[in-house]
Amino acid sequence: MHISIIVVIDKKGGIGFSGDQLAYISGDLKRFKQLTTGHPIVMGRKTYESLPNGALPNRRNIVLTRNPQLTCNGCEMARTIEDVLDKCRKEQELFVIGGGEVYDIFMPVATRIYFTHIHHKFDDVDTWFPEIKRDDWNSVMMEGPFTDPKTNLQFSYETVERK
Ligand SMILES: NC(=O)c1ccc[n+]([C@@H]2O[C@H](COP(=O)([O-])OP(=O)(O)OC[C@H]3O[C@@H](n4cnc5c(N)ncnc54)[C@H](OP(=O)(O)O)[C@@H]3O)[C@@H](O)[C@H]2O)c1
């Protein structure tokens, strides 16, 4: 099984502020849906709480929490990374969709990362993506840059796989 991280990242590795994403780029949201639909996604409890309409449709949604009492509508709950991997052992690809804490814990076992690079440094950032050692990864796809017509932000896609 591929353990794939998918992330939108700014020039300095920023990924979030005040419980929200740094930007919403509609083309990127469509790509996220295309890539993840039909596959399980795992997220931290805080990222789950930031979803405007709760669990994402047509995907197994798995929420990581240390709280054994917590249930989230339409989601499977997991308390450890091992628990997540066990639930997904028959799947082809697991998508780790954030946020910062959950990227940190999955990074050592991740085999692929789908980056959306935003070519801008946001001023207000309180959540970052872990630093990766570029030598450990092959870049297998680059696309862009594109300009988002709504926000005017420049962005590009990159996929890397662990060597
Ligand atoms: N740019 C992007 O692509 C992207 C994607 C997703 C999210 N984000 C942003 O990232 C921010 C949220 O990230 P975050 O780091 O604050 O929170 P998070 O990773 O979404 O969730 C953290 C929570 O996950 C649970 N958790 C973490 N490690 C765990 C472990 N080892 N075992 C069991 N449960 C564990 C805990 O839940 P309990 O407290 O319930 O125990 C913890 O409070 C938001 O700003 C969001 O918008 C950005």
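Both counts, for ligands and for their atoms, begin at 1 and track the order of listing. For reference, positions follow the sequence shown, starting with 1.
At least one N or O atom of Thr47 sits closer than 3.5 Å to an N or O atom of ligand 1. Polar contact check, Leu70 against ligand 1: no nitrogen or oxygen pair lies under 3.5 Å apart. Polar contact check, Thr65 against ligand 1: a nitrogen or oxygen pair lies under 3.5 Å apart. Distances between N or O atoms of Gln21 and those of ligand 1 include at least one value under 3.5 Å. Polar contact check, Val8 against ligand 1: a nitrogen or oxygen pair lies under 3.5 Å apart.
Nearest protein heavy-atom contact of atom 18 (P) of ligand 1 is Gly99 N, 3.6 Å.
Between Leu64, Val102, Val84, it is Leu64 that holds the heavy atom closest to atom 25 (C) of ligand 1. Across the listed options Lys46, Arg45, Arg66, Arg66 owns the non-hydrogen atom lying nearest to atom 41 (O) of ligand 1. Nearest to atom 42 (C) of ligand 1 by heavy-atom distance, out of Gln69, Glu49, Glu101, Glu82, is Glu101. The nearest non-hydrogen atom to atom 13 (O) of ligand 1, considering only Ala78, Gly16, Gly100, comes from Gly100.
For Phe146, the ring pair (Phe, Tyr, Trp, His ring centres under 6.0 Å) partners are Phe155, Tyr157, not counting sequence neighbours. Looking at residues two or more places apart in sequence or on another chain, you find a side chain to side chain contact (heavy atoms under 4.5 Å, CB included) between Glu158 and Phe115, His117, Arg134, Ser139, Met142, Val160.
Under a 3.5 Å cut-off, the side chain of Thr111 and the backbone N or O of Ile3 do form a donor-acceptor pair. At least one donor-acceptor pair closer than 3.5 Å links the side chain of Thr151 to the backbone N or O of Leu153.
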Do Thr36 and Arg59 pass the side chain to side chain donor-acceptor pair (under 3.5 Å) test, and can you show the C-alpha distance, the side-chain angles, and the key distance before you say yes or no? CA-CA 7 Å; Thr36 61; Arg59 283 148 276 192; 3.0 Å; yes

Would Leu22 and Ile118 satisfy side chain to side chain contact (heavy atoms under 4.5 Å, CB included), going step by step from the backbone distance to the final call? CA-CA 10 Å; Leu22 298 176; Ile118 300 183; 5.6 Å; no

Please walk me through it: do Cys88 and Met1 pass side chain to side chain contact (heavy atoms under 4.5 Å, CB included)? CA-CA 8 Å; Cys88 297; Met1 175 178 64; 3.9 Å; yes

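Using a 4.0 angstrom heavy-atom cutoff, Met43 does not count as in contact with ligand 1. In this structure, Tyr103 counts as a contact residue of ligand 1, since one of its heavy atoms falls inside 4.0 Å of the ligand. Heavy-atom distances between Phe17 and ligand 1 reach below 4.0 Å in at least one pair.
Heavy-atom proximity to Val7, at under 4.0 Å, picks out these atoms of ligand 1: 3 (O). Listed by atom number, the atoms of ligand 1 under 4.0 Å from Arg79 heavy atoms are 32 (N), 33 (C). Interface of Ile97 with ligand 1, defined as ligand atoms under 4.0 Å from a residue heavy atom, comprises 5 (C), 6 (C).
Residue Thr116 forms a side chain to side chain contact (heavy atoms under 4.5 Å, CB included) with just one option from Val8, Ile9, Val7, and that option is Val8.
At a heavy-atom cutoff of 4.0 Å, ligand 1 is contacted by the side chain of Ile105 but not by its backbone. At a 4.0 Å heavy-atom cut-off, ligand 1 does not touch Ile81 at all.
With hydrogens and angles left out, the side-chain atoms of Thr80 and Asp83 include no donor and acceptor closer than 3.5 Å. Counting only N and O atoms by type, the side chains of Asn58 and Thr37 include no donor and acceptor under 3.5 Å apart.
No close placement of the Phe32 and Phe95 rings is indicated, their centers lying 6.0 Å or farther apart.
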